[in-house]
Amino acid sequence: MSLKYEDVIAKYEPVLGLEVHVELGTASKMFCGCNTIFGAEPNTQTCPVCLGLPGALPVVNEKAIEYTIMIGLALNCSIAPFSRFARKNYFYPDMPKNFQTSQYDEPICINGFLDVEIDTDEGIKKFRVEIERVHMEEDTGKSLHMGGATGRIHGADYSLLDYNRAGIPLVEIVTKIVPGTGKYAPEVARAYVAELRDILRSLNVSDVKMEQGSLRCDANVSLRLIGSDVLGTRSETKNVNSLRSVERAVRGEMIRHAELLNKGERVVQETRHFQEDTGLTRSGRSKEQAEDYRYFPEPDLVPIVPDATWIETLRAALPEKPSTHRKRLQEAWSVPDKEMASMINADVLEIVEATVNLGADPAKARGWWLGEIARIANEKDVTAADLPITPKDVAEIVALVAAGELTDKLARQVIEAVIAGEGRPSEVIETRGIKVVSDDGALMAAIEKAIAAQPEVAEKVRGGNLPAAGALIGAVMKETEGQADAAKVRELLLKHLGQ
Amino acid sequence: MIIKRNAADMAAALASGETTSVALTQAHLDRIAEVDKEVHAFLHVDSEGALAQAALADKKRAAGEKLSPLAGIPLALKDVMVQKGIPTTCGSKMLEGWRPPYDSTVVSKLRAADVVILGKTNMDEFAMGSSTENSAYGPTHNPWDLSRIPGGSGGGSSASLAAFEAPLAIGTDTGGSIRQPAAVTGTVGVKPTYGGVSRYGLVAFSSSLDQAGPCARTVLDAALLHEVIAGHDPKDSTSINAPVPAIVAAAKNGNVKGLKIGVIKELQGEGYQAGVLNRFNESLELLAGLGAEIVEVSCPYFEYALAAYYLIAPSECSSNLARFDAMRYGIRVGDASGVSAEEVMNLTREVGFGREVKRRIILGTYALSSGYYDAYYGSAQKVRTLIKQDFDNAFLKADVLVSPTAPTTAFKIGEKADDPIAMYLNDIATIPVNMAGICGMSLPSGLAEEDNLPTGFQIMAPAMKDDRLYNVGAALEAALLSKWGAPILSHVSGLGARA
Ligand SMILES: [Zn+2]
């Protein structure tokens with residue numbers, strides 16, 4: 001029986017640290033001209049440089065530097081007037097040179113911050129996450145371990161190596177330690193990654209797809225006794241591939257640490273891997289003995305000395321901040337704080353906006369995405385955005401309801417069918433033969449049947465008790481299998497009963 | 001006999017129609033077949049490729065195309081420079097059988113100039129050594145005395161010139177690997193300004209020190225070759241983006257009247273062979289006689305150059321050579337079922353690298369380790385800065401600086417094989433040039449009276465003032481030639497005499 005979260009936070013204060021790796025969306029790799037298209041045939045996007053062939057030399061992708069500076073500026077960082085690449089030396093088969101060209105003590109962006117908001121029982125709370133550094137590096141290739149039971153290197157019969165990813169530009173964004181989040185640590189971690197993702201998306205520097213690995217988060221967690229100022233031992237959880245997982249991983253690690261500490265045991269400083277299925281982490285490489293990467297300045301590259309006017313040009317061209325954008329939407333749509341927060345929390349703001357941009361009423365668009373669609377997403381344990389229903393589908397459904405061609409109940413059926421893969425809304429309506437019963441004759445027959453079945457209710461309505469009509473309307477709707485427009489039924493019924 | 005001519009004279013013979021490139025190339029291939037069993041300058045001879053290139057050059061000439069001055073002239077390429085499809089071993093077992101899939105920039109430039117590449121020359125493994133004894137394929141023998149070393153690491157290139165197997169060669173110089181072999185074989189060798197010739201496709205030993213350059217039998221030939229291979233290369237970030245100095249014009253000028261020539265106090269005296277110093281001083285007198293002003297300069301920090309070099313070069317090499325791990329190219333040892341990638345890497349590196357390479361990898365790995373970095377690599381970089389300052393100060397007093405190239409003439413094969421420090425001292429006068437990134441030339445200054453073996457005279461000039469080397473070198477060469485009455489290589493007592 002694991003410890004309750006409430007018991008963890010009653011005793012301990014969590015300290016967070018987040019490292020986010022972002023694959024930049026440049027057309028070519030960090031140090032060569034190879035393509036960066038995701039999912040190409042293995043080893044087709046390689047050249048002497050990214051394969052680390054003897055004699056090959058790197059040349060920095062200027063676009064990657066531009067993107068990194070943009071990220072730094074958007075995160076309120078200082079841009080270093082002089083920064084350098086460094087070699088991080090370690091052996092691994094998927095690393096062609098057996099060193100990664102990265103940045104070490106001279107990163108390109110330093111000392112920034114990102115403000116995040118979370119929705120709590122005590123209202124909206126703001127947290128400032130301080131950024132230590134933003135630096136550039138190259139990605140490694142991918143190993144596929146074949147044979148063996150675990151898909152891990154140990155126990156595999158052989159491994160396949162794909163170097164298409166080797167040399168893809170990566171930006172690493174490292175926070176300073178984040179204390180003071182208390183029980184909200186998991187939510188703050190999630191909100192930080194979400195906000196960062198939105199910023200990166202608005203900058204158009206990465207496709208920020210966590211599930212494809214173009215945005216990867218490592219969550220460092222440690223606990224200390226409340227009131228103590230001594231940091232506890234941290235674990236570093238890798239492989240956290242969704243926003244929800246960020247939150248789960250942090251919460252899970254807090255509980256795991258607390259259980260160890262309560263038993264008087266030691267937290268091991270190590271890398272852990274998040275397991276999507278269980279929400280738990282498993283032990284990876286121990287970092288008790290710090291690996292010696294023997295960093296030194298990369299002699300094959302010249303220092304980066306960005307022109308000050310260029311930086312100002314980039315700063316001036318930064319897009320609207322996602323937080324500002326949200327404020328603007330909230331005003332335009334007249335949405336209360338609470339609802340705005342639930343949209344952000346459900347990660348549907350962007351799709352709602354897209355739906356509104358396609359002509360849907362903001363309240364209706366919000367209602368569907370937060371209501372029926374969110375419910376199905378929840379059932380399937382995915383996010384609304386992952387479901388096979390598009391803003392265009394929802395906008396179409398909203399329009400059909402507004403035109404009286406669908407009732408809310410029918411609309412729900414259409415949504416379910418679209419998500420079930422039966423086609424676009426028009427196709428679903430066509431094949432399922434869904435339509436609102438608007439034929440007065442058919443409705444009148446159903447109304448008369450309902451009155452005949454409940455004469456005493458009809459009598460009350462005749463006598464001026466209008467709320468009583470609900471029972472009759474319900475019976476009509478049932479009779480027409482929900483295909484009738486309830487407002488129309490009410491109108492006809494009342495008229496028929498002399499009201 | 002045409003093979004004993006200079007490259008410039010061969011070029012004239014091709015231009016006049018006296019001979020063809022195919023005939024010239026065949027003559028050199030015949031010479032290689034005749035003497036290379038004894039000299040062992042070549043690791044690979046590409047007869048077919050060379051004759052095809054020669055035929056192409058002849059065809060272009062016959063068609064009246066505008067050709068480069070060295071079109072159709074044969075050349076020997078140090079085996080550290082990659083050439084597409086041609087075995088490149090760097091003198092190491094590690095790369096046995098590897099055929100690079102791309103051309104180095106130097107090779108591309110040679111091709112564009114229709115220079116005929118005869119084959120790849122022997123060298124100390126990965127350019128680490130001063131005698132070519134560290135080649136995994138056996139030593140090269142000095143044509144002046146086959147029991148002696150031809151210098152290193154580029155002993156094969158220089159020996160091929162002294163043995164008349166090629167009129168031109170490409171070398172690379174990290175601490176003297178072009179100049180010291182030139183000195184002990186009675187040939188000319190130039191280490192251009194760092195960044196003057198592209199390193200793309202030069203298999204790296206020490207990236208911040210490596211520089212490819214021309215090897216020849218005369219100053220003018222070296223200049224002609226230097227001009228072909230020099231210039232900015234966008235594939236090498238450390239390549240200098242500035243016009244190449246007018247080196248051929250300088251080699252044709254050879255006028256030292258009014259020039260200040262600085263003799264470096266610290267690069268003579270103890271440790272230098274008497275005959276080497278005598279020839280050096282005679283050359284100074286000749287230059288003074290031509291109107292140069294001889295001044296003495298002091299470079300106090302040169303005392304630490306060798307020590308600093310043996311920290312920086314091994315540090316960089318420990319990282320540069322990490323890529324040789326059996327995963328993608330070269331030999332693979334121990335790849336059996338149940339053996340991990342890590343073990344295969346270990347076994348391969350154990351078998352693939354020779355003793356000197358391992359010694360330097362270990363030295364460099366240690367120097368970069370955390371806790372030692374500042375004391376070793378960090379201090380060495382500071383010394384490097386001080387050496388640069390020494391040169392800057394010296395160049396305020398003199399247009400060029402001079403010294404003997406190597407402290408001794410060629411020693412016996414095996415003589416210093418078990419004494420790395422004695423071996424390292426060979427480069428004491430050449431290393432400062434690499435540390436400062438400036439340029440240097442070695443040209444023959446006569447024969448030492450003790451052993452009748454060639455001695456070298458080194459000229460050093462500031463970065464991107466390579467033309468000064470050629471101006472002074474040409475003046476001294478002409479004065480020495482008139483004194484001697486015949487080129488120094490006409491005195492080659494052993495092998496060359498048979499030609
Ligand atoms: Zn590439």
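Order of the sequence lines fixes the chain letters, A, B, ..., with proteins taken first and strands second; residue numbering starts at 1 for each chain. In this text, all values refer to a predicted model and were calculated from it rather than measured experimentally.
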> Which bit of B:Pro100 is near chain A, if near means a heavy-atom gap under 4.5 Å: side chain, backbone, both or neither?
Replying inline: neither
> If you look at every heavy atom in A:Val59 and B:Pro234, which pair is closest and at what distance?
Replying inline: CG2-O, 3.2 Å
>> Counting only non-hydrogen atoms closer than 4.5 Å, does A:Phe99 touch chain B with its backbone (N, CA, C, O), its side chain (CB onward), both, or neither?
In response: side chain
What are the atom names and distances for all donor-acceptor pairs below 3.5 Å between chain A and chain B?
residue	atom	partner	partner atom	Å
A:Gly52	O	B:Arg323	NH1	3.1
A:Gly52	O	B:Tyr329	OH	3.1
A:Leu53	O	B:Arg323	NH1	3.2
A:Pro54	O	B:Tyr102	OH	2.6
A:Gly55	O	B:Gly201	N	2.7
A:Ala56	N	B:Tyr102	OH	3.0
A:Pro58	O	B:Ser237	OG	3.0
A:Arg87	NH1	B:Ser319	OG	2.9
A:Arg87	NH1	B:Asn320	OD1	2.8
A:Arg87	NH2	B:Asn320	OD1	3.1
A:Asn89	OD1	B:Ser319	OG	2.8
A:Pro96	O	B:Arg328	NH2	2.7
A:Asn98	ND2	B:Ala322	O	2.8
A:Asn98	ND2	B:Asp325	OD2	2.8
A:Tyr163	OH	B:Arg328	NH1	3.0
A:Asp292	OD2	B:Ser370	N	2.8
A:Asp300	OD1	B:Arg199	NH1	3.1
A:Asp300	OD1	B:Arg199	NH2	3.0
A:Asp300	OD1	B:Ser207	OG	3.3

>> Taking ring pair (Phe, Tyr, Trp, His ring centres under 6.0 Å) as the definition, give me every residue that meets it alongside A:Tyr67, ordered by chain and number, with sequence neighbours left out.
In response: none
> Looking at A:Pro96, A:Pro54, A:Gly33, A:Pro58, which makes the most heavy-atom pairs under 4.5 Å with chain B?
Replying inline: A:Pro54
